[in-house]
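Values reported hereafter were calculated over all heavy atoms of this structure, with side chains retained and with hydrogens, waters and symmetry mates removed. The sequence lines fix the lettering, A, B, ..., with proteins before strands; numbering per chain opens at 1. If you're wondering where the values come from, they're calculated on a predicted model, not measured in any experiment.
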Protein chains: 2
Amino acid sequence: MTVQRADARRNYARILAVAEEEVAAHGADASLEQIARTAGVGSATVRRHFPGRRALLEAVFSERIEALCARAAELAGAADARAALLDWLGALTTYAASARGMADALVQDGMDDPEHVNACSAKLTGAADPLLRHATRAGAVAPGVTTADLITLVTGIVLVTEHHPDPAAEAHRLLGLTMEGVSPRR
Amino acid sequence: MTVQRADARRNYARILAVAEEEVAAHGADASLEQIARTAGVGSATVRRHFPGRRALLEAVFSERIEALCARAAELAGAADARAALLDWLGALTTYAASARGMADALVQDGMDDPEHVNACSAKLTGAADPLLRHATRAGAVAPGVTTADLITLVTGIVLVTEHHPDPAAEAHRLLGLTMEGVSPRR
DNA sequence: TACGATACGGAGGGCCCCGCCATTTAGCAA
DNA sequence: TTGCTAAATGGCGGGGCCCTCCGTATCGTA
């Protein structure tokens, strides 16, 4: 595996493009064979470039992940640490809710393979960590809350609202409840 | 369908028993064929008694659902409405977390078939409604929160903690955060 | 006991995931 | 240009699962 051949790179891009559409249409359960068929390649080629459905989903959502990391960087220096955190979590929710299957990609993340912590949640966690730290230092976040907790909660909310008539709106509403507290101690 | 034949009832019970084990072991994705094989019946018989995986899951979890409804009734007249609500949500979390697949059964609930609102969430919602009303009247719950919201949130939390080393503990921790508020307004 | 209605289960089709291996093809060197 | 080799491909077969159909076995009753 010196540099990867040109045709291999072509196929990679081709498959990825098809996969994006297919995942958008059918969620995380999109058929790998269907993707191969649409891309005009053999099913073996798909699995060669993306070993396992997980790898494919990671690749498909990597752009969005990057965008979210960038957004986190933007918000890192904001004056209102709490607002910045909520803003970012809202953005995460929007992204995840709009992309069928992204939540599934996140939930199975970091647990499947023993070592190989999935790149998705790892990147997100790293990017959002400063936001949480600032907010915590400002006393705006309950003690003991980790970045992973935040992402996990959002993931759960998105997962469970996936079949809702208006997923994004419902997800944001539930996110608001979770942040403010459903039943805050007086 | 006059009264259902004796052997049919026998098979029903047999399949249900096997299904409970199988679902406990493999979650909501348990193979219907595997269940049939283990039960010693044809796969057609399984789907005759339980048309679709949903029906099977409903049957499998119905006992737990009943137990939760009973618990809600017990707590309905408690002095501390907020504590009662939190108690019940904790119980729901415990049950759902201990039964692999119960959360999945709940999440797809009420959305799949257009009319046929699934019996699972319907029963739970009905049973928990009084608890929420009491708590709301006591001002212990944020305005606009519905019983369905509560169950949805718990479902999401359980779903997303399913692959955690200690699912129940993690689920309860996140539930606590959600109730108290991750980032409550000062 | 004999006869319907009821329930059963095996077979077959469709779809999917996976691994294998013979064949093609890109990229480099003579 | 022409070979040559390693990389890349994709068709094929195996194993599963889900689902439907239909001939057959069984129950419950007359």
Given atom CD of A:Glu33 and atom P of C:dC17, what is their separation to the nearest angstrom?
6 Å
Can you check the B:Arg14 CZ to C:dA7 C1' distance for me, whole Å?
16 Å
B:Asp7 CG - D:dG28 P separation (whole Å)
7 Å
Which nucleotide in the set D:dA8, C:dC18, D:dG10 lies at the smallest distance from any side-chain heavy atom of A:Gln4?
D:dA8
Would you mind telling me which of C:dA11, D:dC18, D:dC12 lies closest to the side-chain atoms of A:Ser43?
D:dC12
Distance check needed: D:dG16 C1' versus B:Ile35 CD1, whole Å only.
15 Å
Tell me, yes or no, whether the heavy-atom count around B:Arg14 atom CZ, taken from other residues, nucleotides or ligands under 6.0 Å, exceeds 12.
no
Would you say B:Ser31 reaches D:dC18's phosphate, i.e. side-chain N/O to OP1/OP2 under 4.0 Å?
yes
Atom of A:Ala59, atom of A:Leu16 and distance for their closest heavy-atom approach:
CB-CD1, 3.8 Å
Along DNA chain D (nearest heavy atom to each residue), the more 5'-positioned of B:Arg9 and B:Ala44
B:Ala44
For the residue pair A:Asp149 / A:Thr152, report whether a side-chain donor-acceptor contact shorter than 3.5 Å exists.
no
For A:Arg48 and D:dG10, is the shortest distance between a side-chain N/O and OP1 or OP2 below 4.0 Å?
no
Nucleotide nearest B:Ala6 when distance is taken to its side chain, options C:dC20, D:dC27, D:dT20
D:dC27
Would you say B:Arg37 reaches D:dC17's phosphate, i.e. side-chain N/O to OP1/OP2 under 4.0 Å?
yes
If the cut-off is 4.0 Å, is B:His49 near the phosphate of C:dA7, judged by side-chain N/O to OP1 or OP2?
no
When you check the side-chain N and O atoms of B:Thr147 and B:Asp129, is any donor under 3.5 Å from an acceptor?
yes
First of A:Ala8 and B:Arg53 reached from the 5' end of DNA chain D, by closest nucleotide:
A:Ala8
If I take atom CZ in residue B:Arg47 and atom C1' in nucleotide C:dC8, what distance separates them, rounded to the nearest angstrom?
14 Å
Between A:Ser183 and B:Ala140, is there a donor-acceptor pair closer than 3.5 Å when you use the side chain of the first and the backbone of the second?
yes
Taking CD1 from B:Ile15 and P from C:dA7, how many angstroms apart are they, rounded to a whole number?
13 Å
Quick one: does A:Arg5 reach the base of D:dA7 with a side-chain donor-acceptor pair under 3.5 Å?
yes
Using whole Å, what does the distance between atom P of nucleotide D:dG16 and atom CG of B:Asp29 come to?
18 Å
Presence of B:Asn11 side-chain N/O under 4.0 Å of C:dA7 phosphate oxygens OP1/OP2
no
Return the value, rounded to whole Å, for the distance between atom CG of A:Leu32 and atom P of D:dG16.
19 Å
